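Notes to accompany the following structure.
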Amino acid sequence: MTTTITLTDGTTEDAPVPVEKHDDTTPLLEIKDLQISFTTATGTVEAVRGVDLTVYPGQSVAIVGESGSGKSTTAHAIIDLLPGTGKVTGGSISFGGRELVGLGRKQFEDLRGREIGLVPQDPMSNLNPVWRIGAQIDEALVANGFQGGKAERTARVAELLSEAGLPDADRRARQFPHEFSGGMRQRALIAIGLASRPKLLIADEPTSALDVTVQKKILDHLEGLTAELGTAVLFITHDLGLAAERAEHLIVMYKGRVVESGPAAQILKDPQHEYTKRLVSSAPSLASRRIQSAHERGQEADDLLAEHADEAETTAPDVVVAKDLTKVFHIRGSRPGSHTDFTAVDGINFTLPKGHTLALVGESGSGKSTAANMVLGLLDPTSGTVMYDGKDVTKMSAKEQFSLRRRVQPVFQNPYGSLDPTYSIYRSIEEPLVLHKVGDRRSREARVRELLDMVSLPQATMRRFPNELSGGQRQRIAIARALALKPEVLVLDEAVSALDVLVQAQILTLLNDLQAELGLSFLFITHDLAVVRQIADLVAVMKDGRIVEHATTDEVFDNPQQEYTRDLLAAIPGASLEIGG
Amino acid sequence: MLWYIGRRLLQVIPVFLGATLLLYGLVFLRPGDPVAALGGERGLSPAAELAIREAYHLDQPFLMQYLYFLKGVFTFDMGVTFTGRPVVEVIAQAFPVTFQLALMAIVIETVFGIGFGLWAGVRKGKLFDSTVLLWSLVLISVPTFVIGFVMQAVVGVQLGWLPITAGRDPDFISLLMPAIVLATTSFAYILRLTRTSVVENITADFVRTARAKGLPRDKVMSRHVLRNSLIPVVTFIGIDLGNLMAGSIVTEGIFNINGVGGTLYQAIIRGENVTVVSLATVLVIVYIFANLLVDVFYAVLDPRIRYA
Amino acid sequence: MPENRYEKTPRPGQEHFVAPPEVVKVGVIDAVDTSETPSSLWSDAWRDMRHRALFWVSAALIVFVILMAVFPGLFTSTSPTECHLEDSLGGPTAGHIFGFDKQGCDIYARAVYGARASVTVGILSTLFVVVIGTLIGAIAGYFGGLLDTLLSRFTDIFFAVPFVLAAIVIMSLLDDRNAVVVAVVLAVFGWTSIARITRGAVLGVKNNEFVTAAKALGMGRGAILGKHVLPNSAAPIIVYATVALGTFIVAEATLSFLGIGLPTSTVSWGGDLAKAQTSIRVAPEIMIYPATALALTVLSFIMMGDVVRDALDPKARKR
């Protein structure tokens, strides 16, 4: 089989590629040997070291990197928006043949918006909460010399909003940001970025805060729009799949340097640098098989995968059974006396077979975390039951519920919130043992050391505090704490979602090894179908509080039955790319 | 917006009742018998004492007395001072000058507080910023009356720029020094608050977006940084009105102004309890309703509140 | 195979580039940095404060003032209450470096002895408001629901009465006044800000995942509040309390100045300032000493609060 990349969805012909622009042979943006450093109390930190980058008119280029790689810093330096003490200390940035490094404030103000637009990362914080959406677009028009009176500007604002894909633009323009959903805000930000028809649009993780289906819609729209207008786009993203799907040229950054750059296709199919290789092999959106546990590695993967699935359906006993699980929240309205009932989880059924992983997948508001909290016994179901080994949790005595805690433990999403910052790592891991009166001081310390070994952290870590550890390390500690009482079930609520790709892959591998070693059962809550493929045996897809599809992972991926599941699968960045070999 | 105001009005009712009940209860529970004290050394005749008790409803249980008191508040009948003048009349006469003084102080503290705070916030970490911050701490540390004395001694006596006391029917110039004195502490707080929120907002994402749009710096500062920094400042001004009132007692006292504060000051010095309590109650009521106004203004500034 | 945009020859500047492996080394992913010594939140804050001049200045002042309050005899051997009218408004002489006030008392001795009243009232009121405010705020924020509504409205009522104004009213009604009474009266209406701050902090902390994790371990609500929620809400309370101590001292001085704070028999800066006022035109310098002592004391606490705030500021923390 030859190694090729093709667009599988057949959009090759109608993909809006501005062919005539491609003949343009002068680069629009040319960055040479860019150096950027930040001054801190302890000295100078070099954030960007010798970056080269070229963008041609009308072209899409993507910078790919993890957090701290310097990708956003590079992009912000182009329009002189470096945060804090950031400073360009060397190299050149030339835009349309004009050197930007060293330009004055006024010249940058003229450049911004008019020549180079920005679509920022977080739609929630990037619009000023006190001004109407329309006013925020209007000021962009005024600042960039829009010719026309107030009425013409109002009309133009509405035009821009509907161009960005917001229906009912006249009314929307008069609303405030807090009346918009995340996706709508992102569209408004796209309207702002393109308001003055810049030649280059910097899209800084434009959709990473949004649900995948919304992300796909917005990126598709942005792609069409910029192609139509002939705008070049510089994507900044952590997602290799997204970058390869949306850009023709990739720049992979690591620790402030470019480690590899070139045509997207070539980098994906034939990565040369060690780091790029790791990134390509770890990117969940590109991986297409389940991670194997340590002792399985080296064996034939396909057989095992099938074996896993079979096992799940036939032999393994069910540890957790959820039956007609329902949760209704009463939400008080803004007016006195008014309230609405919101059904977060609507009569769902699922089973978790022992030693296996069931993934509950859904977008925000699908009810997956509410379901998880009911399984954890943190939330009482409105109706329905959760049963452990045939015993109903809701009917348990307080004492039985307390001892149930030893059997089911959670790991949460946010690595910065999951450990008490005032507790040392030792105290955090020891806490469950103390609370459940397990062992004496000495045996507890031995257990903490053992647990740190289990999650592959040096034992010396136990004297440290959470603020000294990285996100991935904190998640390891959270896993160690969850394992302290030797539970049978772990509820992993978006446990890897906030982590960088390589760290995420590491933690997934660790979880998988632990499962094989300890016979753990995982309830894996996630919004990311790509990750599901790597870790789950069974998948339940949730939408609006209901499970719409429930099957083995392979079935869901290879033969999805529901329209919604197909949408979700198609929305995985890079889903349309196929890497052979 | 109407819903918001309506809800705030509803919330004011229990606060108003609770606060007045609290004050009234304190007076009620104070040691000693006010009526017996009226008679001085000789004591009142039993008949006269009874008459007074009935007239002031002192023979009724506490809650009834409180209701009579409330009725008095709503019918502008707050009793009489020691000299026999109705409290309402005293307030009506004293209020205009206090209002003028307070308004001048608020204008001074907000204009200069926001101005210096903005400047310091923009120049964060520079010499101007640290100097201003240190001086604001000093101003907060010095009690209002000390500032008053220093101003009187330096600006009034030594330099002779402004009159030392205001006296009857004060004009703008003679109120200027008291207004500055009254404004000092709040000026320092507003300065610090403005600086903090400017520093916070300057690095906010939406400010970067505004710059990325191509907005000139002045517009970014006024429409985004300053505009958003005003929200906490307005909240503070509302809360600070209470300090302004306490401050006006001292300020009007030392500058000899015949406002509400000055009258209260005189009453405190002379030990006229009844007048002190009635005037203080009036001030608390004014404070509660002034805060209602501030909250409405706050909602005008922040659409998230308005539509919540 | 159809021609598509991925199959083009790269244009100048966009050729395939690979950094030489020796230039960019890919290390172990996510290694634990074991070089630095372990540091908790508090030891980090301490390390931060240690390097600030303002911290040492205010700490020295605070120690100095407290020494003066506890052992005034260390600083002067003159009695502040042994006054001779013939010394009235007398200038500095040997043994009486600041001279005499109108009553003929030694100004320096009175400035030294005045510290006790201010410091006592300041510390006591702060203690009271921290206890009441933290308790009410923490219960309201942590347990929520109806309890929160009730406690919050209760707080609103006290908040609606400006605390200096309330203190003026209450103190003007009391005949038996001393430092404890003043401290209690200031605290009765002064606890609301701490309650609000605590409630806010608790609300912020209680939704953290480590709290949910403790719940999932089966820990009781009271234990979670005491072991996880309160320790993590402490920073803003400490900062506010330090500043509040300063404002209580100012409030006490104001009350004493109005003649309704501490009795005239107690030596206090506020009372001395009131007395000095009567001779402000002839001898304004008498006022300088108690005023400076008062301002420096308050300043030292407020400055300390500021330094502590900077050191504990979560935004400035490394992640």
Side-chain angles (χ1 to χ4, degrees), chain A residues 75-76 78-85 105-106 108-132 135-146 175-179 185 188-189 192-193 195-196 198 201-202 204 333-336 338, chain B residues 1-11 13-14 121-126 197-235 297-308:
Chain A
H76 287 139
I78 300 169
I79 43 177
D80 192 34
L81 285 182
L82 286 174
T85 56
R105 173 172 61 84
K106 275 246 153 32
F108 267 115
E109 282 171 2
D110 287 342
L111 189 81
R112 291 181 205 136
R114 214 176 291 204
E115 306 272 338
I116 306 176
L118 173 76
V119 179
Q121 177 167 16
D122 180 3
M124 291 317 187
S125 62
N126 272 292
L127 288 165
N128 189 333
V130 308
W131 296 111
R132 291 172 205 276
Q136 301 195 42
I137 302 174
D138 184 75
E139 61 181 9
L141 292 175
V142 175
N144 293 308
F146 180 81
Q175 288 188 315
F176 286 98
H178 69 271
E179 298 171 83
R185 291 184 198 204
L189 285 165
I192 291 173
S196 306
L201 187 69
I202 299 173
D204 183 5
S334 60
R335 297 172 183 196
S338 71
Chain B
M1 188 72 178
L2 277 178
W3 272 107
Y4 172 78
I5 296 175
R7 212 174 47 209
R8 277 297 287 120
L9 269 172
L10 274 176
Q11 278 175 358
I13 294 169
V122 171
R123 309 179 59 81
K124 186 194 169 202
K126 303 271 169 61
S197 35
V198 164
V199 166
E200 212 165 275
N201 280 324
I202 254 177
T203 55
D205 283 351
F206 62 80
V207 169
R208 191 189 56 199
T209 305
R211 292 173 69 196
K213 276 179 212 175
L215 283 197
R217 188 170 63 181
D218 302 353
K219 277 245 172 100
V220 174
M221 288 313 291
S222 62
R223 285 179 59 90
H224 294 279
V225 176
L226 185 60
R227 174 64 175 72
N228 288 57
S229 302
L230 286 183
I231 296 172
V233 172
V234 165
T235 319
F297 187 48
Y298 177 57
V300 172
L301 278 181
D302 192 343
R304 286 164 297 184
I305 300 294
R306 219 179 309 166
Y307 293 91

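Reckoned from all heavy atoms, side chains included, excluding hydrogens, waters and symmetry mates. None of these values were measured; they are calculated from a predicted model.
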Hey, what do you get for [atom1] ([X]) to [atom2] ([Y]), rounding to the nearest 0.5 Å?
X        : Y        : atom1 : atom2 : answer
A:Leu118 : B:Lys213 : CG    : NZ    : 11.5 Å
B:Arg211 : A:Asp80  : CZ    : CG    : 6.5 Å
B:Asp218 : A:Glu109 : CG    : CD    : 8.0 Å
B:Arg223 : A:Asn128 : CZ    : CG    : 8.5 Å

Residue part contacting chain B, namely of [X], when any heavy atom lies under 4.5 Å:
X        : result
A:Asn144 : side chain
A:Leu127 : backbone
A:Leu189 : side chain
A:Pro83  : neither
A:Ala195 : neither
A:Gln136 : both
A:Val119 : neither

When you check the gap from the basic side-chain N to the acidic O, do B:Lys219 and A:Glu139 get nearer than 4.0 Å?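 Here B:Lys219 does not pair with A:Glu139 in a salt bridge, since their nearest N and O are not under 4.0 Å apart.
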Can you say whether B:Ile202 sits under 4.5 Å from chain A via the side chain, the backbone, both, or neither, judging by heavy atoms?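 No part of it gets close to chain A.
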Region of B:Arg227 in contact with chain A, defined by heavy-atom distances below 4.5 Å: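 The side chain, not the backbone.
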Return the option, out of A:Ala140, A:Pro129, A:Ala143, with the maximum number of heavy-atom pairs under 4.5 Å with chain B.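 So the answer, after comparing A:Ala140, A:Pro129, A:Ala143, is A:Pro129.
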I'd like to verify something: which residue of A:Arg112, A:Arg114, A:Met124 has the highest number of heavy-atom pairs under 4.5 Å with chain B?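 The candidate making the most pairs under 4.5 Å is A:Arg112.
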Would the number of heavy atoms belonging to other residues, nucleotides or ligands and lying under 6.0 Å from CZ of A:Phe146 be above 12?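 Yes, enclosed.
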